[in-house]
Amino acid sequence: MITILGGTGNVGGKTAEIILNSGSKLRIIARHQDKLSHFAEKGAEIMAGDAKEPNFLTSAFKDSDVVMTMIPGDWQTNNFAKHQDDISNSIITAIKQSGINKIVFISSVGGHTEEKTGVVAGLARHEKLLNKLDNIDVVILRPTYFMENFFGSIPIIKTMNINGGVLSPEIAFPIIATKDIAQVASKYLLSPNFSGVSIRALLGPRNYTMRESTKILGSAIGKPDLQYIQLKPQEVISSMTGMGVSENVAKSMVTLMVSMNEGLFNYEERNELTTTSTFLEEFSSVFAYVYNQ
Ligand SMILES: NC(=O)c1ccc[n+]([C@@H]2O[C@H](COP(=O)([O-])OP(=O)(O)OC[C@H]3O[C@@H](n4cnc5c(N)ncnc54)[C@H](OP(=O)(O)O)[C@@H]3O)[C@@H](O)[C@H]2O)c1
């Protein structure tokens with residue numbers, strides 16, 4: 001039995017599809033029944049509930065050969081660190097109570113430190129807790145910035161005809177398609193013969209600047225001259241809160257972006273194991289499809 005916490009999301013959903021296509025037994029955990037039903041129809045066992053409930057999570061993990069875990073966000077909370085720690089502690093309790101001993105955890109680049117990592121800090125704290133567990137084999141995947149994050153630029157492109165954010169236009173950093181994360185994660189889930197605690201960063205095919213990314217995505221939507229404008233942290237915080245994100249989360253995200261401008265996402269080494277195949281040029285057709293909906 002392969003179990004995926006967050007199995008209806010970007011990474012979890014794509015991983016779930018690969019596992020189902022392989023014919024293996026799959027259990028999916030998430031809160032919303034409507035999205036889970038899609039996977040139930042394809043043969044997955046579904047468990048609807050909140051990952052903050054350790055007893056629910058224990059029963060959802062039970063009898064699994066391997067579990068993929070993550071700490072999903074809550075963009076409305078006024079205390080993102082507590083939100084992350086509540087899920088983190090619940091996962092650790094459920095690991096202990098259920099007796100499972102193989103985990104694939106979706107962390108993030110930046111998961112090596114809590115310092116100035118904003119929304120990633122809770123993942124770094126969870127990595128530390130996983131490291132302290134006895135008799136558990138863990139693969140910690142540290143993917144970089146998702147290409148899917150660019151969907152968040154669609155409103156500003158549509159309303160102001162620019163792309164913009166806190167990230168520098170000039171600093172190149174790694175970007176990854178979530179389907180590449182799913183490919184790697186599913187290999188560990190289908191052959192869970194790993195032992196001890198290992199960490200693997202996932203960095204996409206190469207580094208891109210925001211200016212270059214904007215040009216690639218702009219070309220895909222018929223706007224080859226689309227400009228990227230660097231915005232001040234406070235401008236981005238105001239814009240995010242205007243869209244319903246809590247001030248606490250907006251500040252935490254901006255903290256991460258400022259650190260990315262200082263090189264945080266260039267910390268991991270690019271090599272054969274960390275480089276994945278999907279270029280932004282290929283992903284841009286997915287972006288155009290979503291943009292045109
Ligand atoms: N975005 C990035 O650039 C980036 C980069 C590196 C790492 N990451 C990490 O990657 C992880 C996966 O990202 P993603 O984009 O795949 O996430 P996502 O699309 O937001 O999916 C989150 C999944 O978790 C479920 N979920 C949310 N809250 C839950 C709760 N309280 N209890 C149970 N299930 C819950 C969601 O379904 P329901 O809403 O129905 O519960 C969904 O299935 C994130 O957690 C983040 O830490 C992100």
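Just so you know, ligand 1 is whichever comes first in the structure, and atom 1 is the first atom listed for that ligand.
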(request) Take atom 20 (O) of ligand 1 and look for protein heavy atoms under 4.0 Å from it; say yes if you find one, no if not. (result)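 No, no protein heavy atom sits under 4.0 Å from atom 20 (O) of ligand 1.
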Identify the closest protein heavy atom to [atom]: which residue and atom is it, and at what distance?
atom: atom 43 (O) of ligand 1; result: T8 OG1, 2.6 Å
atom: atom 39 (O) of ligand 1; result: R31 NH2, 2.9 Å
atom: atom 32 (N) of ligand 1; result: A51 N, 2.8 Å
atom: atom 45 (O) of ligand 1; result: I71 O, 2.9 Å
atom: atom 17 (O) of ligand 1; result: N10 N, 4.4 Å
atom: atom 48 (C) of ligand 1; result: F146 CZ, 3.3 Å
atom: atom 38 (P) of ligand 1; result: H32 ND1, 3.3 Å

(request) Check E282, E148, E17 against K179 for a salt bridge (charged side-chain N to carboxylate O under 4.0 Å, His left out) and give me the one that passes. (result) E282
Given [options], which one has a non-hydrogen atom that is nearest to [atom]?
atom: atom 34 (N) of ligand 1; options: A30, G12, G13; answer: A30
atom: atom 27 (C) of ligand 1; options: P72, A16, G49; answer: P72
atom: atom 12 (C) of ligand 1; options: E148, H83, M70; answer: M70
atom: atom 47 (O) of ligand 1; options: L202, L123, T69; answer: L123
atom: atom 9 (C) of ligand 1; options: S107, G122, S108; answer: S107

(request) Validate the cation-pi geometry between K158 and Y291: distance from NZ or CZ to the six-membered ring centre under 6.0 Å, angle to the ring axis within 45°. (result)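 Ring-cation test returns yes.
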Just heavy atoms, cut-off under 4.0 Å: does [X] contact ligand 1 by side chain, backbone, both, or neither?
X: T178; value: neither
X: I106; value: side chain
X: N149; value: side chain

Close-contact set for ligand 1 against [X] heavy atoms, below 4.0 Å:
X: G6; answer: 23 (C), 24 (O), 25 (C), 43 (O)
X: Y145; answer: 3 (O)
X: D50; answer: 30 (C), 31 (N), 32 (N)

(request) Mind running side chain to side chain donor-acceptor pair (under 3.5 Å) on N163 and T214 for me, showing each step along the way? (result) CA-CA 7 Å; N163 186 16; T214 299; 3.0 Å; yes
Under 3.5 Å between some N or O of ligand 1 and some N or O of [X]?
X: I87; result: no
X: G9; result: yes
X: V11; result: yes

(message) Count I, L, V, M, F, W, Y as connected when their side-chain heavy atoms are under 4.5 Å apart, and connections chain through other members. Are F150 and V109 then in the same cluster?
(response)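 They do share one cluster, since a chain of ILVMFWY contacts under 4.5 Å joins F150 to V109.
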(message) Please confirm whether T144 approaches ligand 1 to less than 4.0 Å, judged on its heavy atoms.
(response) yes
(message) Suppose we call two aromatic rings close when their centres sit under 6.0 Å apart. Are Y208 and F265 close by that rule?
(response)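 Not close enough - the centres of the two rings lie 6.0 Å or further apart.
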(message) Checking side-chain hydrogen bond (donor to acceptor under 3.5 Å, both in side chains) between S107 and each of R142, H112, E127, which is the one that passes?
(response)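 Testing S107 for a side-chain hydrogen bond (donor to acceptor under 3.5 Å, both in side chains) against R142, H112, E127 leaves exactly one candidate, E127.
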(message) Is it the case that the side chains of T178 and N10 hold a donor-acceptor pair, with the cut-off being a distance below 3.5 Å and no angle test?
(response) no
Does any part of the side chain of [Y], heavy atoms only, come nearer than 4.5 Å to the side chain of [X], both counted from C-beta?
X: T274; Y: E268; answer: no
X: I28; Y: L36; answer: yes
X: I237; Y: K251; answer: yes
X: L273; Y: R200; answer: yes

(request) Assign the ring pair F194 / Y188 to parallel, tilted or perpendicular, where the plane angle (0 to 90°) is split at 30° and 60°. (result)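 Geometry flag for Y188 against F194: perpendicular rings.
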(request) Could you pull out the closest heavy-atom pair between T278 and M147, with the gap in Å? (result)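 Nearest heavy atoms, T278 then M147: O-CE, 3.1 Å.
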(message) I'd like to know if E45 pairs up with K25 as an ion pair, taking the criterion as any Lys NZ or Arg NE/NH1/NH2 lying under 4.0 Å from an Asp or Glu carboxylate oxygen.
(response) no
